[in-house]
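Written out below as structure tokens is the structure these notes cover.
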Amino acid sequence: MNRLTQAVIMLLLGATVIKATVTDTYLRYVKAGLGPYLLAAGILLAAAALATFWYEIRTARNREAAQAHDHDDHGHDHEHDDGHGHGHGETRVGWLLLLPALAMLMISPPALGSYSANQAGSVGLSAASDYPPLPDGDPVEVTLLDYASRALFDSGKSLTGRNLKLTGFITPGPDGSMMLARIVLTCCAADGRPIKVGLTGVSMDAPADAWVQIEGVYSTQVGTDPVNNAQIAYIEVRGWQEIDEPKQPYV
Amino acid sequence: MSTSESTHADIGEPAPPAEITPAAAPGAKKRTTKAEPWQFGPLEGLAVLLILLLLLRSRLSVVVSSAGLQTWTTIFVSVLVQAMPFLVFGVALSAVIAVFVPRSFWAKALPQHPALAVPAAGVAGVILPGCECGSVPIAGSLIRRGVTPAAALAFLLAAPAINPIVLTATVIAFPGQPLMAVARGTASLVVAVLMGWLWLRIGRPEWIKLPHRPDLDDASKWRAFWAACRHDVMHAGGFLVVGAAAAATINVVIPEAWLQSLASNPVVSVIALAVLAVLLSICSEADAFVAASLSQFSLTSRLVFLVVGPMVDLKLISMQAGVFGRRFAFRFAPATFVAAILIGSLFGGVLL
């Protein structure tokens, strides 16, 4: 692959990374904390591409100037240093960098959803030392992690008597039941693991992967995740509505 | 150098037929002769490919609409997005080492005797706050700048595992078990130093085949810097794509329930998690959290997971084969794998 082609691929990749960062689509793949670094990396990629363009054009101009002077090939002096003379196989693998760029630009893969939630066991929760009362609010918003932890390790003491609001996507549970899930990310989607909460009460007819906001109350029911036998907390649904996917799909 | 070809041929732009020196002809293997006013080069190929893909875009989304394939694409992209800053900054740092840091610096910075340089370089890994994708090109640059390969390899293995970010992540992932981070740091350092010494004893210089890089000796430092960045991004980045694809495949294909059955036997669980670390190719900054979630497995086997992961995994093997040559990678990776399992188990048995 010649240098200009490499530069085009790098520019494409850099632009894709910058676009994903600016439009927040990168949040489907990694944690928000990586954003600034991602932006810097995209800019550096684009800069390397532009530098390559610039040096290429200058080399070409030098050569033309040299050729105008005489037909001696000293204009090629700059040419033998290009580092691709040693074999096109060396950088041929670079073509593969088109794959992530094109995948992001054209397919724009969605955030992980029910498919992954079904494949992996619910995340292992550890008991916190104490569970302070929930903040004010009726209903009060609780994350799935917080709800499950309070329900399983504190026997729902801090949840009883409160109207709760939980956000997540629908994933099919065992025996045709429905569960509310969210993917917990530590770094990137490759290490994403689901947190699942079982649903009882009002029946819901939302399809898998639909994002919903439910209102409900603490339920004493506890189940197990068929994948890893982890304990799963349940919530009694009183009402629900479908919502758009949040900008930050992961927790 | 062989190619005195004109850039016009490279660019493939409709250039005015350049004056051709007879010497240029042998170099132009793949391309047609330059006497042609226009030719179909890689750049044109790229342009046609991009236009075709744009036209087929809607169909493309239909093809990847199955849930498994969609998950594959998401994980593939996310591994690369996660690795991209580390790759790019690692490449930039390695270009600085290759171009701006004089050779004499390394002679002064590291102990003269190779046997001492190995642990020194291993400990120096503490200062590189990143994951393994960045350390491969850096180690390549170090060797190129005259650092003894054994020391560069110790750095390569130690840096992704013992830097403060990774150890902090390990402490957070294993609350109440601070010894996990201690065991991880020491076991990783020991493996790295042992592998360096092993290289001193039985390694052969000819196993490492660093590609010829005349661009690094360019008279213009900045030109050389950008050339090094471009080359390493395309090169190491390309192999990273291979590794990410493999890791995404494993991630989607291996059912977790299947892992459960392996956790009961202590020996099997160690080997299973060591193999899983290689296959999953998770970034060393994240692997502690994954290890924490594999709670059915013994602490020792999870320690082995954390020691093996940053040193041997699919994307690393792929990148090492690209940067150092296949003969190197296919010897080094299995040896490191065995050493990491043994030492990880030893530290796990004693400390955890």
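Just so we're clear, the structure is a prediction, and the values are computed from it rather than from any experiment.
- Most heavy-atom pairs under 4.5 Å with chain A: of the set B:V79, B:I75, B:L49, B:L53, this distinction falls to B:L53.
- To the nearest 0.5 Å, atoms CD (A:Q248) and CG (A:D24) are separated by 8.0 Å.
- No part of B:W72 comes within reach of chain A, as not one of its non-hydrogen atoms sits under 4.5 angstrom from that chain.
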Check against side-chain contact (heavy atoms from CB on, under 4.5 Å), A:I232 and A:M179: CA-CA 10 Å; A:I232 288 188; A:M179 293 201 282; 4.0 Å; yes
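- Within the 4.5 angstrom heavy-atom criterion, no atom of A:A49 approaches chain B.
- Both the backbone and the side chain of B:V88 come within contact range of chain A, each with at least one heavy atom under 4.5 Å from a heavy atom of that chain.
- Proximity to chain B is limited to the backbone of A:L105, based on heavy atoms less than 4.5 angstrom apart.
- Heavy-atom minimum distance, A:S149 versus A:Y131: OG-OH, 2.7 Å.
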- request: Could you check A:Q119 against A:Y115 for side-chain contact (heavy atoms from CB on, under 4.5 Å), going step by step and ending with a plain yes or no?
  value: CA-CA 6 Å; A:Q119 275 224 320; A:Y115 181 84; 3.8 Å; yes
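- For a residue to count as touching a neighbouring chain, one of its non-hydrogen atoms must lie under 4.5 Å from one of that chain's; by this rule B:L87 does not touch chain A.
- Of all the listed residues (B:G238, B:A92, B:S220), the one sharing the greatest number of non-hydrogen pairs under 4.5 Å with chain A is B:G238.
- No part of B:V91 comes within reach of chain A, as not one of its non-hydrogen atoms sits under 4.5 angstrom from that chain.
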Stepwise side chain to side chain donor-acceptor pair (under 3.5 Å) check, A:N2 with A:T5: CA-CA 6 Å; A:N2 64 42; A:T5 314; 2.7 Å; yes
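- Interatomic distance, A:R193 CZ to A:L185 CG, rounded to the nearest 0.5 Å: 12.0 Å.
- Chosen from B:A227, B:G237, B:P85, the residue pairing most often with chain A at heavy-atom distances under 4.5 Å is B:P85.
- When A:S114, A:A111, A:A51 are compared by the number of non-hydrogen pairs under 4.5 Å with chain B, A:A51 comes out ahead.
- Contact of B:A224 with chain A is not made at all, since no heavy-atom distance falls under 4.5 Å.
- For the set B:V241, B:L280, B:V233, the entry with the most heavy-atom pairs within less than 4.5 Å of chain A is B:V241.
- The two residues A:V93 and B:M234 make their nearest non-hydrogen contact at CG1-O, 4.0 Å.
- Contact annotation for B:L80: only side-chain heavy atoms (C-beta onward) come within less than 4.5 Å of a heavy atom of chain A.
- Between chain B and the residues A:P110, A:G192, A:S116, the most heavy-atom pairs under 4.5 angstrom are made by A:P110.
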query: Are A:I183 and A:F169 close enough, and set up right, to give a side-chain contact (heavy atoms from CB on, under 4.5 Å), and what steps lead you there?
result: CA-CA 9 Å; A:I183 304 282; A:F169 59 83; 4.0 Å; yes
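- Within residues 96-104 of chain A, the residues having any heavy atom under 4.5 Å from a heavy atom of chain B are, by residue number, A:L96, A:L97, A:L98, A:L99, A:P100, A:L102, A:A103, A:M104.
- With sequence neighbours excluded, no residue satisfies salt bridge (charged side-chain N to carboxylate O under 4.0 Å, His left out) with A:D154.
- The minimum heavy-atom distance between B:S318 and B:V242, with the atom names listed, is OG-CB, 3.7 Å.
- Annotation: the span from A:M106 atom CE to A:T16 atom OG1 amounts to 9.5 Å, rounded to 0.5 Å.
- Closest approach of B:T249 to B:A245, counting heavy atoms only: OG1-O, 2.7 Å.
- Taken from CD1 in A:I195 to OH in A:Y147, the straight-line distance is 11.5 Å, to the nearest 0.5 Å.
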